[in-house]
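Data block below; observations after.
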Amino acid sequence: MPADKVALVTGASRGIGRAICLALAARGCRIVAAGRDRDALQDVADEIAKLGAEVLVVTGDVSCGEDVNRMVSEAREHFSRLDILVNNAGLTRDGLLLRMKDEDWDAVLNANLKGSFMLTRAAAKIMTRQRYGRIINISSVVGEMGNPGQANYCASKAGLIGLTKSNARELAKRNITVNVVAPGFIVTSMTEVLDDKAREELVGQIPLGRIGNPEDVANAVVFLASEAAGYITGQVLSVNGGMYM
């Protein structure tokens, strides 16, 4: 990974986003850590600084167009370029279809899908001028296979795959690649709430016999952000232990 690359990672304050920031920083990237919780982001920034990488914290809501444009502008003003965008921020508001409220549908689609669209549009303006970019969208195994009680979340994550493929075709001539990483079940605050029985049943569905770690996802992002992946675009890289093939 060239040391001068600048990477903006959303949802950077914890879990998968934190692991992605640290993995890219360890390989010499300068990091723009984006999220809503400044205190939590500063903790991640302190960890990044210990790795010797330069880091900028930007706060905002990815579902708000003004915040998105401001975060990308702050990154460009600070580092004068933007090479890598990782659309990781997302939320869940689960519920069965017949009980799902319109506002829960809108909130999840706005954060997970529209937010990625707006960030990609803003970043692509910079990357197009640079004639270089790596855009990586974090989807989910449930975006490929569906899941009861998550119609909004699954639709947003499936939509990310379509968004990725369309953007990959549009931006390829500018030397910008756009890909998806689709994690399976990963050890995060969302899976830590599972009881032992539910966890055992879940692991039983995974051929590799374990729930994934945030670092498993981060390693896939590092690869797609690297020069080694320069001829890969519009693809879905599943990181699910074989749960869905």
Side-chain angles (χ1 to χ4, degrees), residues 6-26 29-79 82 84-94 103-123 135-140 150 152-153 156-157 160 181 183 185-194 211-218 221-222 225:
V6 176
L8 190 159
V9 181
T10 65
S13 62
R14 60 179 181 170
I16 291 172
R18 171 185 170 278
I20 292 170
C21 286
L22 295 177
L24 290 171
C29 284
R30 293 174 285 174
I31 304 297
V32 182
R36 292 185 295 181
D37 186 338
R38 178 169 288 278
D39 291 340
L41 288 171
Q42 189 57 53
D43 289 342
V44 176
D46 292 343
E47 292 185 73
I48 293 170
K50 291 178 183 175
L51 296 172
E54 191 175 354
V55 57
L56 172 71
V57 168
V58 296
T59 57
D61 180 352
V62 297
S63 65
C64 171
E66 290 184 4
D67 283 9
V68 164
N69 292 331
R70 178 180 48 75
M71 289 191 290
V72 172
S73 293
E74 289 180 8
R76 181 186 55 190
E77 290 171 6
H78 187 84
F79 288 113
L82 179 59
I84 301 162
L85 170 66
V86 183
N87 284 311
N88 168 69
L91 61 82
T92 58
R93 288 192 181 176
D94 296 347
E103 52 264 39
D104 290 337
W105 172 272
D106 290 342
V108 171
L109 269 290
N110 284 340
N112 299 3
L113 183 56
K114 186 178 179 182
S116 296
F117 154 69
M118 292 191 295
L119 275 154
T120 297
R121 182 176 59 185
I135 298 169
I136 301 155
N137 295 316
I138 306 301
S139 179
S140 168
Q150 289 193 305
N152 49 2
Y153 186 74
S156 71
K157 294 300 185 180
L160 271 179
V181 172
F185 285 92
I186 304 297
V187 177
T188 66
S189 57
M190 283 191 284
T191 54
E192 285 175 347
V193 300
L194 297 174
I211 296 175
N213 296 312
E215 290 73 19
D216 293 320
V217 181
V221 170
V222 167

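For reference, positions follow the sequence shown, starting with 1. Keep in mind the model is a prediction, meaning the values are calculated, not measured.
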The residue among I136, V221, T10 that forms side-chain contact (heavy atoms from CB on, under 4.5 Å) with N88 is T10

Distance from S63 atom OG to L109 atom CG, nearest 0.5 Å? 11.5 Å

Quick check: are there more than 12 heavy atoms from other residues, nucleotides or ligands sitting under 6.0 Å from CZ of R14? no

Applying the side-chain contact (heavy atoms from CB on, under 4.5 Å) criterion to L160, which one of L113, I138, N87 satisfies it? L113

What are the two closest heavy atoms between A75 and V32, and how far apart are they? CB-CG2, 3.8 Å

Rounded distance [0.5 Å steps], CG in D216 versus CD1 in I211: 11.5 Å

Under the 3.5 angstrom rule, does the side chain of N152 hit a backbone N or O of R93 as a donor-acceptor pair? yes

Atom pair CD1 (I16) and CZ (R18), whose distance is rounded to the nearest 0.5 Å: 12.5 Å

Minimum-distance pair of heavy atoms, taken over all atoms of N69 and A122: OD1-CB, 3.9 Å

Taking everything shown except E66 itself, do over 12 heavy atoms lie less than 6.0 Å from its CD? no

Only residue of I31, I84, V86 satisfying side-chain contact (heavy atoms from CB on, under 4.5 Å) with I20 is V86

Measure across A123 and L82 and return the closest heavy-atom pair with its distance rounded to 0.1 Å. CB-CD2, 3.8 Å

Set out, in order, the CA-CA distance, both residues' side-chain angles and the distance that settles side-chain contact (heavy atoms from CB on, under 4.5 Å) for V222 and L24, then state yes or no. CA-CA 6 Å; V222 167; L24 290 171; 4.0 Å; yes

Contact check, side chains of R30 and V6, non-hydrogen atoms, under 4.5 Å: yes

Are the side chain of D67 and the backbone of T59 linked by a donor-acceptor contact shorter than 3.5 Å? no

Heavy atoms only: give me the nearest V57-A45 pair and the separation to one decimal. CG2-CB, 3.7 Å

Do any N or O atoms from the side chain of N110 and from the backbone of A107 form a donor-acceptor pair under 3.5 angstrom? no

Taking atom CZ of R36 and atom OG of S13, what is their separation to the nearest 0.5 Å? 9.0 Å

Output the distance between atom CG (L8) and atom CZ (R76), rounded to the nearest 0.5 Å. 12.5 Å

Quick check for you: to the nearest 0.5 Å, what is the distance between N112 atom CG and N137 atom CG? 11.0 Å

Are K157 and Q150 close enough that some pair of their side-chain heavy atoms sits under 4.5 Å apart? no

Indicate the atoms forming the closest heavy-atom contact of P214 with I186, along with that distance. N-CG2, 3.5 Å

When every non-hydrogen atom of A218 is compared with those of A19, the smallest separation belongs to CB-O, 3.6 Å

Minimum side-chain heavy-atom gap V44-I48 below 4.5 Å: yes

